[in-house]
Every structure is written in structure tokens, then in C-alpha cells.
Chemist: 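Encoded as C-alpha cells, here's the structure I'll be asking about.
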Amino acid sequence: MAAAAAKIAPSMLSSDFSNLATEAQRMLDCGADWLHMDIMCSHFVPNLTIGAPVIESLRKHTKAYLDCHLMVTNPLDYVESFGKAGASGFTFHIEAARENWNELIQKIKAKGMKPGVSLKPGTPIEEVYPLVEGENHVDLVLVMTVEPGFGGQKFMPEMMDKVTLSP
Ligand SMILES: O=C(CO)[C@H](O)[C@H](O)COP(=O)(O)O
């Protein structure tokens, strides 16, 4: 099997949020392929960032692939609004979707977005195996190399074993 081409997707969490459109363009001018958008509810992680209205505003300024990473407790509740807002990818956490990932993937696709799954450092990679198999699969696995919640944390090199083990 041919190796997938690498994509560069800088996290916009480090942006000056008051100038998000300019910051997004700056990243694209620097060679970014995608823009990684960190969506956090203060229940799933100890931080609160942006929601669908910000994605909708940014979408008016860019055609770039908006790779939305939802660190939220009930991802299903966000599918409709993120689809409408113009999100390109919708990556949810397996820890928040153990009961309904199948339905979630279907709904994400039905809204025209690419589904992805992410896992926290403490979650074994095997948990996402069922989500990459079969017809109703995700397009992306996001292996967290920090505890979700904040940018600029120390990289956990031991997580790279999970990348190797990704099916
Ligand atoms: O998911 C995230 C935090 O939960 C961020 O996308 C990620 O940590 C960005 O890291 P950095 O600021 O070090 O580039």
C-alpha cells in the first residue's frame, strides 16, 4: 500500500483570535495544507475555546480545509451546527463516543464532513480499530501526544508507538 501523503495542519489555537482570518491566511501562505481548529468544551477538557459561530465567520474568509477537532463531551450535539458552519473535517474523541460512534460517523458524513477519531494519551490504540474497519469508517485517526486541553505542552514521545500501531 502506498504511504499517505503528509499534510501540514497547524493548530490555530496559538492564533491571535482577534485576527483569526489574517492568521489563517498567514499559515496558508507559510505552506499549511489544512487549518486545525481546536474546539473545546470545559467539561471534556479544562478549557473553553471556540464554537460553530467562529468556524462560520472564518469560512467567509477562506476556502481552506477546516480540520475541526472536537474535544467535547457530546459530539453528536455539534454535528448539525458544524456542518452548517462550513467545517470540512469533524474529529471526535472515542472517549466521548464509545456508545454512539457508528451513528456519529454516519451523521458527520451526511452533513458533508469527513469523520475522524481522536484518542487521549491514556487510551489504547486498539479502541479505535473498529472505527477504521468496515464500510462506515473514519478518514483520520488523531493520536494525541499531549493531554487535550492546551497548546504548547511538552510532546510525549512514547505516544509515537500508537502511531506505528495505527491500522
Ligand atoms: O489538541 C490540541 C490541544 O488539546 C492542540 O491541537 C495541540 O496540542 C497543539 O499543540 P501545539 O500548540 O503544541 O502545536
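All ligand and atom numbering here is 1-based and tracks the order in the structure.
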Chemist: Quick one: do the Asp38 and His36 side chains pair a donor with an acceptor below 3.5 Å?
Modeler: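 Asp38 vs His36: donor-acceptor pair found between side chains.
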Chemist: Heavy-atom distances under 4.0 Å are what count here, so tell me which part of Phe150 touches ligand 1: side chain, backbone, both or neither.
Modeler: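 Backbone only.
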Chemist: Is any side-chain heavy atom of Val141 less than 4.5 Å from a side-chain heavy atom of Val163?
Modeler: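 Val141 does not reach Val163 side chain to side chain.
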Chemist: Heavy atoms, side chains only, cut-off 4.5 Å: are Phe92 and Asn100 in contact?
Modeler: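 Contact flag for Phe92/Asn100 side chains = no.
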Chemist: Within 45 degrees of the axis of the six-membered ring of Phe90 and under 6.0 Å from its centre: does Lys107 put its NZ or CZ there?
Modeler: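 Here Lys107 fails the 6.0 Å and 45° test against Phe90.
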Chemist: Using a 4.0 Å cut-off to any heavy atom of His36, which atoms of ligand 1 qualify?
Modeler: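 Those atoms are 6 (O).
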Chemist: Within the 4.0 Å heavy-atom shell around Met144, which atoms of ligand 1 are there?
Modeler: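 Near Met144, the atoms of ligand 1 are 1 (O), 4 (O).
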Chemist: Using a strict 4.0 Å cut-off to heavy atoms of Val146, name the atoms of ligand 1 that fall inside it.
Modeler: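 With Val146 as reference, the close atoms of ligand 1 come out as 8 (O).
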Chemist: If Ile, Leu, Val, Met, Phe, Trp and Tyr residues are connected whenever their side-chain heavy atoms lie under 4.5 Å apart, and connections chain through other members, are Leu140 and Val132 in the same group?
Modeler: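 No, Leu140 and Val132 fall in different hydrophobic clusters.
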Chemist: Quick check: do His93 and Met71 have side-chain heavy atoms less than 4.5 Å from each other?
Modeler: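 They are in side-chain contact.
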Chemist: Taking the side chain as everything from C-beta on, heavy atoms only, tell me whether Ile50 gets closer than 4.5 Å to Leu13.
Modeler: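 Not in contact.
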Chemist: Which protein non-hydrogen atom lies closest to atom 14 (O) of ligand 1, naming both residue and atom, and how far is it?
Modeler: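 Among all protein heavy atoms, the one nearest atom 14 (O) of ligand 1 is Ser11 CB, 4.6 Å.
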Chemist: Would you mind finding which of Val45, Asp67, Asp38 brings a heavy atom closest to atom 5 (C) of ligand 1?
Modeler: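 Answer by nearest heavy atom: Asp38.
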Chemist: What atoms of ligand 1 come closer than 4.0 angstrom to any heavy atom of Pro148?
Modeler: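 Close to Pro148: 4 (O).
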Chemist: Closer than 4.0 Å to some heavy atom of His69 - which atoms of ligand 1 meet that?
Modeler: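 Contacts of ligand 1 toward His69, numbered from 1: 1 (O).
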Chemist: Find all atoms of ligand 1 within a distance of less than 4.0 Å from any non-hydrogen atom belonging to Gly151, and give their numbers and elements.
Modeler: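 Selected atoms, number and element: 12 (O).
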Chemist: With the side chain counted from C-beta on, respond yes when Phe44 and Glu95 share a heavy-atom pair under 4.5 Å apart, and no when they do not.
Modeler: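 Counting from C-beta outward, Phe44 and Glu95 do come under 4.5 Å.
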Chemist: Look at atom 13 (O) of ligand 1 and say which protein heavy atom is nearest, naming residue and atom and giving the distance to 0.1 Å.
Modeler: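 Protein heavy atom at minimum distance: Gly152 N, 3.2 Å.
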Chemist: Does the protein place a non-hydrogen atom closer than 4.0 angstrom to atom 8 (O) of ligand 1?
Modeler: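 Answer yes: something from the protein, a heavy atom, is under 4.0 Å.
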Chemist: Which residue supplies the protein heavy atom nearest to atom 4 (O) of ligand 1, what is that atom called, and how far is it?
Modeler: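 For atom 4 (O) of ligand 1, the nearest protein heavy atom is Gly149 N, 2.9 Å.
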